[in-house]
Amino acid sequence: MTNDALPEAAEAYLRALDVELSDAPPDTAREIVEDVRAHIADALDSGRTMDQALAGLGSQQAVAGQARDELALPDGALDHAARAGRSLRVVAVALGVLTAVCVSFLLRSTALALDLAEAGPDGQSIMQRYGPGLAMLTLLPALIAAVPFALPAKARGVAGVVGAVVLTALTFVWGEIGLYYFPLVLLLWAATIVPSAVRRGIGRVAVRSWHVAAAVFVALPGLLAASSAVTGKVGLSWVGVALFVVGPLVLGALCACGIRAGYAVTTLAGALVMILAMVEPGFLFAAFWLLGGLYLMIGASGFVSVRAETRDRVERRPPAVSRATSSSGG
């Protein structure tokens, strides 16, 4: 029997093995799958049944694990957890820089509880009144968020927790300024908690609960806007209905279904709301800033977590594959 003429049960096994090796270099994963394909073909040519051939290999997880050990490949779950943490931390550093710009150029200098000699109108920003020296201090939270990148892998987890704790405390101490760093604090905690959850494995109940909670929050602005429009408290044009009602509701539905694109758009929507709040600050500036930050945190966390959920689902497939092999062998 040639490699190209394997029964469907064998092809299903190989597809599942390929998914198990999805975090390995593509060429390496392809070579491993082809080696296993050749092994199955040789076993069938020697007169063994499909059940016997696959039983001799073991589960897809065992084959992938053995290949990783022999070739010194990183463990899939650990590698994905590390990448999830890095992705969230990159977003956190970018948000820290954006927040520093917001605080330095848009926040009034009276928000600082300082008694300095410089005089100026209350409407001046921190940059205008105190100059770039003091304004540069607003980048300190972004630097704290970036510290784990400069440390060895084993120390990054502890550094991430310490950084999140420190910035959480500073958020409460800094008063009005701390309010603007609250979205950054949420992202730092997400960069600490999400990789840990991915590393341990995410159960279906926990995943479903996260999707539902995320969907409720993402859709909430749309529900509030729809209620205000129906009661006549707010007048919305068709464009307003599409943006403020339909948009959040559709995103909520996508997040509830665990669709990665829904979380990606939620992330972009949160960033856009925060940027627009900076461009045109008004009476509700802080509210839109916090809303955008929460959208950003939920979207980014969900985006990096959905792949872990897919992996967890695949790991539960072997019983189905076994049934397929049994029926093929019969």
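Sequence positions, counted from 1, serve as the residue numbers for this chain.
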*Asks:* Which heavy atom of G252 sits nearest a heavy atom of A215, and at what distance?
*Replies:* O-CB, 3.1 Å
*Asks:* Does a side-chain heavy-atom distance below 4.5 Å link H211 with C257?
*Replies:* no
*Asks:* Is the shortest side-chain heavy-atom distance between L179 and W289 below 4.5 Å?
*Replies:* no
*Asks:* Show your working on ring pair (Phe, Tyr, Trp, His ring centres under 6.0 Å) between F285 and Y180 and close with a plain yes or no.
*Replies:* CA-CA 10 Å; F285 168 76; Y180 293 91; 5.6 Å; yes
*Asks:* Tell me whether the rings of Y263 and W210 are parallel (<30°), tilted (30 to 60°) or perpendicular (>60°).
*Replies:* parallel
*Asks:* Under a 4.5 Å side-chain heavy-atom rule over Ile, Leu, Val, Met, Phe, Trp and Tyr, are L187 and I177 clustered together?
*Replies:* yes
*Asks:* Any idea which heavy atoms bring D27 and R30 closest together, and the distance?
*Replies:* OD1-NH1, 2.9 Å
*Asks:* Specify the closest pair of heavy atoms between P248 and L243, including all atoms of both residues, with the distance to one decimal.
*Replies:* CD-O, 3.3 Å
*Asks:* Would you mind reporting whether L186 and Y181 have side-chain heavy atoms less than 4.5 Å apart?
*Replies:* no
*Asks:* Could you state whether F105 and L140 fall into the same hydrophobic cluster, counting links through intermediate Ile, Leu, Val, Met, Phe, Trp or Tyr residues with side-chain heavy atoms under 4.5 angstrom apart?
*Replies:* yes
*Asks:* Determine whether V147 and I193 fall in the same hydrophobic cluster, where Ile, Leu, Val, Met, Phe, Trp and Tyr are linked whenever their side-chain heavy atoms lie under 4.5 Å apart.
*Replies:* no
*Asks:* Is a donor on one side and an acceptor on the other found under 3.5 Å between the side chain of T266 and the backbone of G299?
*Replies:* no
*Asks:* Could you measure the distance from the CD1 atom of I275 to the SG atom of C102? Nearest 0.5 Å is fine.
*Replies:* 11.5 Å
*Asks:* State plainly whether one hydrophobic cluster holds both V162 and L167, where clusters connect Ile, Leu, Val, Met, Phe, Trp and Tyr through side-chain heavy atoms under 4.5 angstrom apart.
*Replies:* yes
*Asks:* Should L6 and L14 count as side-chain neighbours, where that means a heavy-atom distance under 4.5 Å?
*Replies:* yes
*Asks:* Side chain to side chain contact (heavy atoms under 4.5 Å, CB included) for V63 and V36? Distances and angles first, verdict last.
*Replies:* CA-CA 9 Å; V63 174; V36 174; 4.0 Å; yes
*Asks:* Do L88 and S301 make a side-chain contact, defined as non-hydrogen atoms from C-beta onward lying under 4.5 Å apart?
*Replies:* yes
*Asks:* Walk me through whether Q66 and L57 qualify under side chain to side chain contact (heavy atoms under 4.5 Å, CB included).
*Replies:* CA-CA 11 Å; Q66 181 180 358; L57 287 170; over 6 Å; no
*Asks:* So which atom in A100 and which in L139 form the shortest heavy-atom distance, rounded to 0.1 Å?
*Replies:* CB-CD2, 3.5 Å
*Asks:* For the residue pair R86 and F149, would you count it as a cation-pi contact if the rule is NZ or CZ under 6.0 angstrom from the ring centre and within 45 degrees of the ring axis?
*Replies:* no
*Asks:* Could you see if L98 belongs to whatever hydrophobic cluster contains V90? Use Ile, Leu, Val, Met, Phe, Trp, Tyr and a side-chain cutoff under 4.5 Å.
*Replies:* no
*Asks:* Atom CG of L54 and atom CD of Q60: how far apart are they, to the nearest 0.5 Å?
*Replies:* 8.5 Å
*Asks:* State, to 0.1 Å, how close F288 and A277 come at their nearest heavy-atom pair, and which atoms those are.
*Replies:* CB-CB, 4.1 Å
*Asks:* Keeping the roles fixed (side chain from E34, backbone from E31), state whether a donor-acceptor pair exists under 3.5 Å.
*Replies:* no
*Asks:* Over all heavy atoms of both residues, which pair between G258 and V306 is shortest? Give the atoms and the distance, please.
*Replies:* O-CG1, 3.6 Å
*Asks:* For residues F182 and L290, determine if any side-chain heavy atom of one lies less than 4.5 Å from a side-chain heavy atom of the other.
*Replies:* yes
*Asks:* For the CG atom of L143 and the CE atom of M136, what is their distance to the nearest 0.5 Å?
*Replies:* 8.0 Å
*Asks:* Under 6.0 Å from the CZ atom of F217, do we count more than 12 heavy atoms belonging to anything else shown?
*Replies:* yes
*Asks:* Is there a donor-acceptor pair closer than 3.5 Å between any side-chain N or O of R208 and the backbone N or O of A256?
*Replies:* yes
*Asks:* Under the side chain to side chain contact (heavy atoms under 4.5 Å, CB included) test against P141, which residue among V185, L188, L184, V103 passes?
*Replies:* L184
*Asks:* Rounded to the nearest 0.5 Å, how far does CG of L296 lie from CE of M274?
*Replies:* 6.5 Å
*Asks:* I need the M297 CE to W189 CH2 distance, nearest 0.5 Å.
*Replies:* 13.0 Å
*Asks:* Can you tell if the side chain of T138 reaches within under 4.5 Å of the side chain of T99, non-hydrogen atoms only?
*Replies:* no
*Asks:* Rounded to the nearest 0.5 Å, how far apart are CD of E11 and CG of D18?
*Replies:* 11.0 Å
*Asks:* Measuring only between side-chain heavy atoms, which start at C-beta, is I298 closer than 4.5 Å to C255?
*Replies:* no
